Amino acid sequence: MGSMGIKRQGYKVRRLILIMSAAYTLFAQAPVSAIDFIYTPSLTIQGTYSDNIRLASKGQEQGAFVTEISPGISIRGINGGRLNANFDYRMQNLFNAGGDGQAQINHQLNLNTDYQVLRNRLNIAARGSYNQVNISNLRGGDNINNLDARTNVWTAGTSVNWTPHFGQFADANVNIDFDYVGNDNAEQLANSMNLSESISLISGSDFKHITWNANFNNSTQFRDNEDDVSFQNTNATIRAWVDRRFNFFGTVGYANNDFQGLDTNNNGVFYTVGAQWKPSWYFDIEAGYGNNWHVISNFSLSQRTHLSVGYNDRSVGLNTGGAWNASLNHSTNRSSWNFTYSEDTTTVQQLLYEDTPFVVVDAAGSPLLGNDGQPIIFNTSIPSLTNDVLVRRVANASVSYTTGKSSFQLGGFYEKREYQNTNADQQTVYGADASWNWQFSRRTGLLLSPSWQRITGDTVEVPTDVSVNQDRYQFIARMTRTIPLRFGRNRLLNASIEYRFVQQDADLAANTYMENRVTASLFMNF
């Protein structure tokens, strides 16, 4: 990275740190009772050898050794009180990343703070992040590969939540969010500000046989040099209770969404009338008919088993047409079984805002696993960077089992994306993964983790717009050893060695490659 690139990146980091420091200072000056902070500096030193550092096609491979020295700090607000604060920062210093013989600095940061101005009434929160992501989801490189297909992404936001109570008449919830998402590749993904407001009113105990609720939700995304995106929904529901188990209901609302899209959105008035039956604590069902109709049922087969299934068919609003949603959760003393399916309308900017900023490590320095139980290496949930609104159908399934020294995980995922652009691009991503963690001695563990992912559909990239079919295979084997150190206070040095194999087979020759990588690392908290 040249000096101009370092200066430009440093300016953006300083700007983000300034925003978050101001919010953090604001909260820290508030009167807080019985709150302490734990400061934990850390250091990672590691060496990585890759036999295909640039992820080149066969015959063009180039091997390289990359050194990383990454200091970091973690701050935690503890002991309750009105203020909770979590701050993580790491400065990733890479030498010879991508085999370019240069030094490179990557900043990775995450901040979440929450302050109760009035206990159980008024909360203020601030958040922010800084990270690197792939511009295209067809390439799986990371900072060590140092490909041109990555960019810095930063987010900053604040929110206010107010929960007033109007005696026994009604309870309210008012939430206002303001967020900013920026990146270094604005010609591919527009920087944007997002303003969201939600207001809900729920009838109080004055209403016995007739209950009601009203909701207003509005989200507007203001984009630089691109069309803005707006989602708005207003609705009200009245229920007439025959007894505590059965009620009739009627819902009326208005949808007013504004974005460049195809035929998945209709604005206007919607209505639904129906009934709800709750014969017991473990079962309920609701059905409603209208221009937006639905059937929803919940089963609690036991305290450890919960199933929810719903189907709706909308003529007005987002995701018009038929759509399913479902979830299943079951647990035993040693296992956990989970399944979810949902459909939504969103933007890449929103997904980036919700993304995990960087791979977090535990006190021993071992990388924490993602929500799917797998090491966070290549986030398949992030599409290629684009300004399109997209409709997603997402399914995730996982099973985990734990014994005395081992834990096993098996998972699968499926995501279909329909881009609301003039090309009507579609992309489907699905795959499976597994892992085995074996703690075969007190301080030594082994991780084995294979995975497979397939992408079909359109590339959804500018200026390229062609069909794509590609498979990605990955295998990870990692041995970790925790070493106690006794100087000053007791500390733990975490040493690990990892082998990773990646093979990608694609219709596009530039996206076909194979990489073998070996990494030795040391990590310690101070």
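What you see is a predicted model, and the numbers here were worked out from it, not measured in a lab.
Partners of Tyr430 under the ring pair (Phe, Tyr, Trp, His ring centres under 6.0 Å) rule, at least two apart in sequence or in another chain, are Trp452. With sequence neighbours left out, the side chain to side chain contact (heavy atoms under 4.5 Å, CB included) criterion links Ile176 to Leu195. With sequence neighbours excluded, the residues forming a salt bridge (Lys or Arg N to Asp or Glu O under 4.0 Å) with Asp179 are Arg127, listed by chain and number. Listed by chain and number, the residues in a ring pair (Phe, Tyr, Trp, His ring centres under 6.0 Å) with Trp324 are Tyr311 (sequence neighbours excluded). For Thr347, the side chain to side chain donor-acceptor pair (under 3.5 Å) partners are Gln221, not counting sequence neighbours. For Tyr49, the side chain to side chain contact (heavy atoms under 4.5 Å, CB included) criterion is met by Asp51, Phe65, not counting sequence neighbours. Listed by chain and number, the residues in a side chain to side chain donor-acceptor pair (under 3.5 Å) with Ser302 are Thr305 (sequence neighbours excluded). The side chain to side chain contact (heavy atoms under 4.5 Å, CB included) check on Trp337 picks up His330, Ser335, Val399, with sequence neighbours excluded. For Ala477, the side chain to side chain contact (heavy atoms under 4.5 Å, CB included) test picks out Leu448, Phe475, with sequence neighbours left out.
A parallel orientation is assigned to the rings of Phe87 and Tyr89, their planes being inclined by less than 30° (bins at 30° and 60°).
Residue-environment remark: CG (Asp148) stays at or below the threshold of 12 foreign heavy atoms within 6.0 Å.
For the residue pair Ser50/Glu515, the side-chain donor-acceptor check at 3.5 Å is satisfied. Side-chain contact, Ser496 with Ser521: a donor N or O sits under 3.5 Å from an acceptor N or O. Checking Asn298 against Ser308 by side-chain atom types alone, a donor-acceptor pair falls below 3.5 Å. Using modelled atom types, one finds a donor on one side chain and an acceptor on the other under 3.5 Å when comparing Ser384 with Asn137. If you check the side chains of Gln104 and Gln92, you find no donor sitting under 3.5 Å from an acceptor. With 3.5 Å as the limit, one finds a donor-acceptor pair spanning the side chains of Ser129 and Thr155. When only modelled atom types and interatomic distance are considered, Arg472 and Gln453 share no side-chain donor-acceptor pair under 3.5 Å. For the residue pair Ser196/Asn194, the side-chain donor-acceptor check at 3.5 Å is satisfied. When only modelled atom types and interatomic distance are considered, Gln503 and Asp505 share a side-chain donor-acceptor pair under 3.5 Å.
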Under the side chain to side chain donor-acceptor pair (under 3.5 Å) criterion, do Thr456 and Asn469 qualify, and how do the steps go?
CA-CA 5 Å; Thr456 63; Asn469 290 280; 4.9 Å; no
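Side-chain contact between Asn437 and Gln439: absent, with no pair of heavy atoms (C-beta onward) separated by less than 4.5 Å.
Exactly one residue among Ile144, Val502, Val66, Asn52 makes a side chain to side chain contact (heavy atoms under 4.5 Å, CB included) with Arg517. That residue is Ile144.
Atoms CG and CD, on Leu83 and Gln116 in that order, are 10.0 Å from each other to the nearest 0.5 Å. If you take OG1 on Thr40 and CD1 on Ile73, they are separated by 8.0 Å, rounding to the nearest 0.5 Å.
Residues in residues 434-457 take part in these salt bridge (charged side-chain N to carboxylate O under 4.0 Å, His left out) pairs, two or more places apart or across chains: Arg454-Asp471. Sequence neighbours left out, not one pair with a member in residues 150-160 passes salt bridge (charged side-chain N to carboxylate O under 4.0 Å, His left out). Residues in residues 329-353 take part in these salt bridge (charged side-chain N to carboxylate O under 4.0 Å, His left out) pairs, two or more places apart or across chains: Glu343-Arg393, Asp344-Arg392.
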